[in-house]
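Presented below is the structure to which this report refers.
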Amino acid sequence: MSASNDSQILSGKPVAQAILEQVRSQVLALKGRPPCVVFIRVGNDPASVSYVKQKQEKATWVGIKSILKVFDANGIDEAGLLQEIQKLNQDSSVDGILVQAPLPNSMDFAKIASAIQPEKDVDGFGVINCGRLQQNLPCIVPCTPAGIIELLKFYHISTVGKHVVIVNRSMIVGQPLATLLLKNTPQGNATVTICHSKTEYLQAVTREADILILACGKPAFFDRSFVKEGAVVIDVGISRVPSDNERGYRLQGDADSQSLKGYVAGYTPVPGGVGPMTVAMLMKNTLNCYHLCQLHS
Ligand code: NAP
């Protein structure tokens with residue numbers, strides 16, 4: 001934890017590292033083959049290439065075997081991808097399957113995610129895991145929302161009775177996160193509002209938040225005029241913005257962190273906030289899937 005003009009910087013790095021170390025020691029203690037996850041990427045979206053690379057690096061570090069299957073966007077259609085998933089569902093040497101978003105527009109991501117056997121659904125986006133989450137049953141919880149809950153817990157940020165405003169209604173972030181925050185648990189019991197692109201008076205709504213969770217993909221859009229003084233801001237958004245560094249871009253969150261410094265109680269940096277949490281939770285989910293697959297074999 002560090003402070004910036006009295007605003008706490010809620011780094012995800014130490015939290016993610018602790019989770020990765022725990023997974024690593026649990027993987028080391030396994031008897032037999034290590035867990036195996038297959039990453040599927042369709043096309044060459046630069047951000048997707050980078051995300052899958054990071055996931056593979058962390059998998060290697062914790063001792064999880066990972067396999068990458070790359071398909072040319074013009075070389076496979078939805079039916080072909082469904083067939084690939086069926087093959088992996090039936091392969092007993094595979095414990096986890098992840099289809100990296102985004103897919104080409106001609107493919108229905110929700111349909112593809114739901115074709116993954118629920119015990120191998122490391123992202124938790126399939127209809128069975130989504131339904132089980134809603135019904136408070138054991139399930140694979142989507143990595144980013146699960147990581148945000150762990151981050152809040154690590155920094156002792158209570159959600160109980162707090163007004164949490166989430167700017168995102170996707171199945172990847174907003175909806176599962178709202179479900180987790182509404183649970184009758186120490187990391188839940190919040191009063192939750194979800195905003196989206198049709199929300200009227202967005203600024204008035206976000207200014208009501210004790211904890212504001214941003215996942216719009218609008219770089220530096222949220223300055224202090226959107227935020228209540230002393231609130232906690234969790235910045236999920238990641239955008240590439242042009243920069244004169246050697247890569248030609250830098251990563252930017254949805255929050256204008258310069259404007260928030262000294263005004264909010266704490267905020268997550270981008271990069272280094274929610275991103276590392278997502279990857280760490282993916283490793284945890286993969287190990288859980290391994291155990292589920294062993295149970296069902
Ligand atoms: P998405 O499906 O496009 O969702 C974006 C959400 O923002 C939608 O609900 C959209 O509303 C809403 N939105 C867009 N413009 C808005 C506006 N002007 N006012 C209010 N709401 C607005 O994207 P996603 O996959 O959930 O990802 C969102 C962001 O999070 C992206 O930057 C992504 O890179 C990042 N992300 C980061 C991580 C991580 O690990 N850090 C993980 C996942 C995603 P509508 O539903 O009405 O369109």
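Along the sequence shown, residues carry numbers from 1. Counting starts at 1 for both ligands and their atoms, following the listed order.
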Checklist entry - Any ring-ring contact (aromatic ring centres under 6.0 Å, His included) pairs touching residues 217-242, not counting sequence neighbours? => result Phe221-Phe226, Phe222-Phe226

Item to check | Pairs meeting criterion ring-ring contact (aromatic ring centres under 6.0 Å, His included) with involvement of residues 35-69, two or more places apart | outcome: none

Ligand 1 N/O to protein N/O, distances under 3.5 Å:
{"from": "ligand 1", "atom 1": "4 (O)", "to": "Asn168", "atom 2": "ND2", "distance (Å)": "3.4"}
{"from": "ligand 1", "atom 1": "9 (O)", "to": "Arg169", "atom 2": "N", "distance (Å)": "2.9"}
{"from": "ligand 1", "atom 1": "11 (O)", "to": "Ser197", "atom 2": "N", "distance (Å)": "3.1"}
{"from": "ligand 1", "atom 1": "21 (N)", "to": "His196", "atom 2": "O", "distance (Å)": "3.4"}
{"from": "ligand 1", "atom 1": "21 (N)", "to": "Ser197", "atom 2": "N", "distance (Å)": "3.3"}
{"from": "ligand 1", "atom 1": "26 (O)", "to": "Asn168", "atom 2": "ND2", "distance (Å)": "2.8"}
{"from": "ligand 1", "atom 1": "26 (O)", "to": "Ser170", "atom 2": "OG", "distance (Å)": "2.7"}
{"from": "ligand 1", "atom 1": "32 (O)", "to": "Ile238", "atom 2": "N", "distance (Å)": "3.1"}
{"from": "ligand 1", "atom 1": "32 (O)", "to": "Ile238", "atom 2": "O", "distance (Å)": "3.3"}
{"from": "ligand 1", "atom 1": "34 (O)", "to": "Ile238", "atom 2": "O", "distance (Å)": "3.3"}
{"from": "ligand 1", "atom 1": "40 (O)", "to": "Thr278", "atom 2": "OG1", "distance (Å)": "2.6"}
{"from": "ligand 1", "atom 1": "41 (N)", "to": "Val236", "atom 2": "O", "distance (Å)": "3.3"}
{"from": "ligand 1", "atom 1": "46 (O)", "to": "Arg169", "atom 2": "NE", "distance (Å)": "2.7"}
{"from": "ligand 1", "atom 1": "47 (O)", "to": "Arg169", "atom 2": "NE", "distance (Å)": "3.3"}
{"from": "ligand 1", "atom 1": "47 (O)", "to": "Arg169", "atom 2": "NH2", "distance (Å)": "2.7"}
{"from": "ligand 1", "atom 1": "47 (O)", "to": "Ser197", "atom 2": "N", "distance (Å)": "3.1"}
{"from": "ligand 1", "atom 1": "47 (O)", "to": "Ser197", "atom 2": "OG", "distance (Å)": "2.5"}

Checklist entry - Between Gln17 and Glu21, is any side-chain donor less than 3.5 angstrom from a side-chain acceptor? => result yes

Item to check | Which atom of Leu260 lies closest to which atom of Ser7, heavy atoms considered | outcome: O-OG, 3.7 Å

Checklist outcome for this item: Apart from Val127 itself, members of its ILVMFWY cluster (side-chain separation under 4.5 Å) are Ile128

Checklist entry - Of Leu287, Asn288, Leu28, which meets side chain to side chain contact (heavy atoms under 4.5 Å, CB included) against Val23? => result Leu287

